[in-house]
2 protein chains.
Amino acid sequence: MKRTKTEGTPLPLNQILLGDCVEIMNRMPEASVDLIFADPPYNLQLRGDLHRPDNSKVDAVDDHWDRFDTFAAYDRFTHDWMKAARRVLKPNGAIWVIGSYHNIFRVGAALQDQGYWILNDVVWRKSNPMPNFRGKRLTNAHETLIWASKSEGAKYTFNYEAVKAMNDDVQMRSDWVIPICTGHERLKDATGAKAHPTQKPEALLHRVLVATTNPGDVVLDPFFGTGTTGAVAKRLGRDFIGIDREAAYAEVAEKRIANVRKANSEVLEVTKGKRAEPRVPFGQLVERGMLQPGEVLFSPRNKTAKVRADGTLIASDCKGSIHQVGAAMEGAPSCNGWTYWSYRRDGIMVPIDVLRQQIRAEMK
Amino acid sequence: MKRTKTEGTPLPLNQILLGDCVEIMNRMPEASVDLIFADPPYNLQLRGDLHRPDNSKVDAVDDHWDRFDTFAAYDRFTHDWMKAARRVLKPNGAIWVIGSYHNIFRVGAALQDQGYWILNDVVWRKSNPMPNFRGKRLTNAHETLIWASKSEGAKYTFNYEAVKAMNDDVQMRSDWVIPICTGHERLKDATGAKAHPTQKPEALLHRVLVATTNPGDVVLDPFFGTGTTGAVAKRLGRDFIGIDREAAYAEVAEKRIANVRKANSEVLEVTKGKRAEPRVPFGQLVERGMLQPGEVLFSPRNKTAKVRADGTLIASDCKGSIHQVGAAMEGAPSCNGWTYWSYRRDGIMVPIDVLRQQIRAEMK
DNA sequence: AGTTTGGGTGAATCCGAAG
DNA sequence: CCTTCGGATTCACCCAAAC
């Protein structure tokens, strides 16, 4: 069993724990988990049967674990698991919860009431939803996920560049088009019936985990079901902890995850932003003689400033760092001096950022 | 002034009432309104300023009416207007409320707590949202509407065939793609500044009213603003009642609605949704398991690259998008990665573009 | 007269390491 | 805890002006 450094208590990594998730989480060490993905019962409140136009019966979610007598009972249930989840979450950890209009408003309000800080609500737009057979409402074609940090101001993980890369190099939006889980991905029991009524597509978890975790992170799923979270976590080189009350689900999940192979760690490495690059002080360029004291730098609009020996700039009416002088030149609140200034070599203008690239290349 | 049959009290139809919506609704006869459309303050809780990468400042919603000290204060506000709204609603009436993740969960929970019965939550997917300028979260590209009847079992209005016809004769889904309100539709004040910070597009109200009201119905908007609800209601031959606390907004709304003419035909404009083939990010193939992280792609001349978990490629000497790596392989300025790369299945090479065709077929 | 280019802007909970 | 400051960060669409 893998152990983490937090506390003396071992974390049961890459296992499925059978039982009530509140009790189990309360026995876990606090602040030990990087991400929680929760797919709690939706409290669907279905009355009676539903039949398709061809009279076939819709296989509805009528399991005992989805029945609550009142909204108050559902709220108590929500409060309890969410509080236990918050305890085991690291200070900079985050949570995802998925739901439908039956429960998601109560879930979202509970998150806010408990001090979680909502980062985005995300719409899972189903490309192939079940139609509304009676024509009495709009086709319920989406579910909602809430992404929240443990508290306001926490330094949550967000692989901005990676999800931007996944989306053809434009920012990932809050609406995700993903098919529902069908076909060979949908797990069946011995009789051929679906093993779990609300199995989530792996594509959904893939995006969640790539966006908001790093390889080696610990992902906890307190309503593990057939283990989609665990399967995707394993493939992506994350550790998981699964909890479920139903032994039948856990059994299916265990087999499923055993068949998953972890991807090569080289391909799990994800596109990093410039923030991950080491900081290079401008003064180094002068120290190294890449720029001379007294050398003139040019702005895009041909304003000039002179390089001083300490790596600051001096212009006609101001002096300071490359950023400060650039901002002053433009009357702007801030300025990236690296991309703003150029110097002249053999008659052509060269951005000073080229020099920073050289230094960074040497550092590798 | 038009009168309704309910009670002896006249309904102030097609007027804008200035003042607090709770007081005004409480003076109205009960059970007298067919539909309520509410666009309450969102309680955005914005902190400091935000600048775009070009250093221009974002014109944020910082109006006094959007400031609440605590969630509890916002909940009281919500409870009060929602209760007054429920009283004036006919037994078979319905309500729409729009919001963002800042407030919609509290709104939805309040609706349920007061006995409203949620029929659908609807996602307004903005085709042109404001980006996330700092790259710290997902682009907030949608808002949420909740559609609820006055109580469970009520016989609400839903024009199933009409909205189906609006949607190319397939069932209308719960996610609606509509542009934000800009251009000539966006109302400006004398100085050219926007007359209201959160004006909603008429296309949104058009769909709401066509779907859930009949001609001659009474539509109440307790947060009338610049009167989008009134303008669309008038055009569609519905009566409206608008309430707002701000005289400046009411003045703009009055002029606006005076210029609207009631449509004589039932010609329903269709929301513009041209767009050629939808763009499919390569990362989706990985998410969906059509390609595995680590899988090898082949160029026409049998060079290879590996797929990474975020949908980028890694080759011996470079990494990036399918297009970037393809271009680097060929020493070309650009490259269409979709037609350049193939993968191997059962011994034969298949262009990855085949997979894109599959996804596009699903999206229809 | 068309076409291209450049500027403006939209309900936004939008930085973080170093000292 | 604070303050300071380096420097990273944007998409779709409309409109006006230039060509």
Side-chain angles (χ1 to χ4, degrees), chain A residues 92 112 116-121 148-149 152-156 158 160-161 164 167-174 273-283 311 320-324 326-327 332-341 353 356, chain B residues 39-63 65-68 71 98-104 124 126-144 177 179-186 188 192-194 196-201 223 225 272 274-275 279:
Chain A
N92 292 327
Q112 292 178 315
Y116 290 97
W117 192 247
I118 297 180
L119 300 168
N120 277 116
D121 61 336
S149 61
E152 186 181 357
K155 297 187 180 104
Y156 55 91
F158 180 51
Y160 173 75
E161 291 288 346
K164 186 176 175 182
N167 195 39
D168 252 12
D169 271 330
V170 294
Q171 284 190 343
M172 185 68 79
R173 299 168 40 118
S174 56
K274 291 180 188 164
R275 288 188 183 94
E277 297 283 320
R279 179 175 294 187
V280 176
F282 176 72
S321 72
I322 53 173
H323 316 292
Q324 290 165 340
S334 71
C335 170
N336 183 341
W338 288 107
T339 54
Y340 181 78
W341 296 107
D353 205 28
R356 182 169 63 160
Chain B
D39 181 11
Y42 287 7
N43 187 26
L44 287 187
Q45 311 166 67
L46 303 179
R47 310 292 194 221
D49 288 343
L50 179 64
H51 293 85
R52 299 185 181 81
D54 65 3
N55 275 324
S56 62
K57 188 174 165 222
V58 173
D59 183 17
V61 177
D62 55 358
D63 305 76
W65 47 255
D66 196 46
R67 284 200 280 270
F68 296 83
F71 281 128
I98 183 168
S100 65
Y101 67 84
H102 307 84
N103 71 323
I104 198 65
W124 167 26
K126 303 180 184 183
S127 56
N128 51 347
M130 184 158 65
N132 185 291
F133 294 115
R134 304 298 292 267
K136 301 309 294 179
R137 303 182 181 190
L138 301 164
T139 305
N140 198 356
H142 74 276
E143 294 186 22
T144 302
V177 180
I180 61 176
C181 182
T182 59
H184 293 302
E185 187 185 327
R186 189 81 194 216
K188 305 283 167 43
K194 49 189 177 191
H196 192 284
T198 71
Q199 186 183 339
K200 296 294 176 289
F223 307 98
K272 46 182 171 179
K274 9 163 185 157
R275 189 125 318 177
R279 185 172 48 80

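Convention: sequence-line order gives letters A, B, ...; per-chain numbering from 1. Just so you know, these numbers come straight off a predicted model, no measurement behind them.
- With rounding to whole Å, Asp169(A) atom CG is found 9 Å from dC11(D) atom P.
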Practice task
Determine, for nucleotides 14-19 of chain C in 5'-to-3' order, which nucleotides have protein heavy atoms under 4.0 Å from the base (write B), from only the sugar-phosphate (write S), or from neither (write -).
Solution key: BSSS--

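- Closest to the Glu161(A) side chain, of the nucleotides dT9(D), dG6(D), dT13(C), is dT9(D).
- The residue Asn167(A) sits apart from the nucleic acid: no heavy atom pair falls under 4.0 Å.
- In this view, Phe68(B) and Tyr74(B), Phe77(B) satisfy the ring pair (Phe, Tyr, Trp, His ring centres under 6.0 Å) rule, not counting sequence neighbours.
- Counting only Watson-Crick and G-U wobble pairs whose two distances sit under 3.5 Å, DNA chain C takes part in these stems of three or more pairs: C:2-10 with D:11-19, C:15-19 with D:2-6.
- Scanning atom types as modelled, no donor and acceptor separated by under 3.5 angstrom connect the side chain of Thr339(A) and the base of dA8(D).
- Rounding to whole angstrom units, CG of residue Asn55(B) and C1' of dG7(C) are separated by 15 Å.
- The side chain to side chain contact (heavy atoms under 4.5 Å, CB included) search around Glu152(A) returns Trp117(A), Arg47(B), not counting sequence neighbours.
- Using a 4.0 Å heavy-atom cutoff across all strands shown, Phe282(A) reaches no nucleic acid atom at all.
- Contact annotation for Lys164(A): backbone-only contact, meaning every heavy-atom pair under 4.0 Å involves sugar-phosphate atoms and none involves a base.
- The salt bridge (Lys or Arg N to Asp or Glu O under 4.0 Å) search around Lys164(A) returns none, not counting sequence neighbours.
- The residue Pro129(B) sits close to a base: some heavy atom pair falls under 4.0 Å.
- Look at CD1 on Ile322(A): it is 15 Å from P on dC5(D), rounded to the nearest Å.
- Within the nucleic acid shown, Ser321(A) comes within 4.0 Å of sugar-phosphate atoms alone, with no base atom in reach, counting heavy atoms only.
- Listed by chain and residue number, nothing satisfies the ring pair (Phe, Tyr, Trp, His ring centres under 6.0 Å) test with Tyr116(A) (two or more places apart in sequence, or in another chain).
- Nucleic acid contact class of Arg173(A) (heavy atoms, under 4.0 Å, all strands): none.
- Counting non-hydrogen atoms under 4.0 angstrom, Pro40(B) reaches a base of the nucleic acid.
- Whole-Å rounding puts the Asp54(B) CG to dT9(C) C1' distance at 10 Å.
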